Amino acid sequence: QVPLVESGGGSVQTGGSLGLSCVASRDAYSSGCMGWFRQALGKEREAVATIYTGSGSQTYADSVKARFTISQDSAKNTVYLQMTNLKPEDTGMYYCARKDDANAGYCRHRAFDPSAFTTWGQGTQVTVSS
């Protein structure tokens, strides 16, 4: 069973919106950190947003604050990323990731460190045209 499966990517024009979903297998959705990362062609992977599944506490990269929202539906083992006012620089492969058995402090302090996350999805492409 695949631990994380992303969906919802696509192509939009500048200013458009997209919603991404990440479904975790039932045994993979435990109290810990769930995050969205992205990687543009030729660039390093960077954090977008992270949520602590225990309390729903969220952390955002400065570049997406007020435009992106991370949320969860624990009953569906799903984490979402709602993206609005998209810009060409938001283009990239978006990955869902998780770290099991982490507390809120760990999620907050390691939110922007890809190496802190142990399980990754296959990614979904987001393309924003000008």
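All heavy atoms count here, side chains included; hydrogens, waters and symmetry mates do not. Keep in mind that what you see is a predicted model, and the values were worked out from it rather than measured.
- Rounding to the nearest 0.5 angstrom, the gap separating the OG atom in S17 from the CE atom in M83 is 8.5 Å.
- Looking at heavy atoms from C-beta onward, Q125 lies in side-chain contact with T91 at the 4.5 angstrom threshold.
- V48 and L81 get closest at one heavy-atom pair: CG1-CD2, 4.1 Å.
- Considering all non-hydrogen atoms of both residues, T78 and S21 come closest at CG2-CB, 4.3 Å.
- Summarising the geometry, atom CZ belonging to F117 is positioned 6.5 Å from atom SG belonging to C107; distances are rounded to the nearest 0.5 Å.
- Here the side chains of S63 and R38 are in contact, with some heavy-atom distance below 4.5 Å.
- Salt bridge D90/K87: absent, no basic N to carboxylate O contact under 4.0 Å.
- The CD atom of Q122 lies 13.5 Å from the OG atom of S7; values are rounded to the nearest 0.5 Å.
- If you run side chain to side chain contact (heavy atoms under 4.5 Å, CB included) between M34 and each of L4, T50, I70, only L4 comes through.
- In this structure, the separation between CG on N103 and SG on C33 is 8.0 Å, given to the nearest 0.5 Å.
- Side chains of Y52 and R108 form no contact here, defined as non-hydrogen atoms less than 4.5 Å apart.
- The main-chain N or O of A97 is never found under 3.5 Å from a side-chain atom of T119 such that the two would form a donor-acceptor pair.
- Residues Y95 and G123 share a closest heavy-atom pair of CD2-CA, 3.6 Å.
- Residue M93 is not grouped with residue V79 when hydrophobic side chains (ILVMFWY) are merged at heavy-atom distances under 4.5 angstrom, including chains of intermediate members.
- Open room surrounds CD on Q13; 12 or fewer heavy atoms of other groups in view lie less than 6.0 Å from it.
- Residues Q58 and Y60 have side chains that bring a donor and an acceptor to within less than 3.5 angstrom of each other.
- Heavy atoms from other residues, nucleotides or ligands lying under 6.0 Å from CD of E44 number 12 at most.
- Under the 4.5 Å side-chain heavy-atom criterion for grouping Ile, Leu, Val, Met, Phe, Trp and Tyr, V128 is connected to W36 within one hydrophobic cluster.
- Contact detail for R45 and P114: the closest heavy-atom pair is O-CG, 4.1 Å.
- Inter-residue side-chain proximity for P3 and R98 is flagged as met; some heavy-atom pair is nearer than 4.5 Å.
- Listed here is the closest heavy atom pair of R67 and T84: O-OG1, 2.7 Å.
- The OG1 atom of T59 sits 13.0 Å away from atom CZ of R110, with the distance rounded to the nearest 0.5 Å.
- With contacts defined as side-chain heavy-atom distances shorter than 4.5 Å, the pair E6/L20 does not qualify.
- W120 and F37 have their aromatic ring centers within a separation under 6.0 angstrom.
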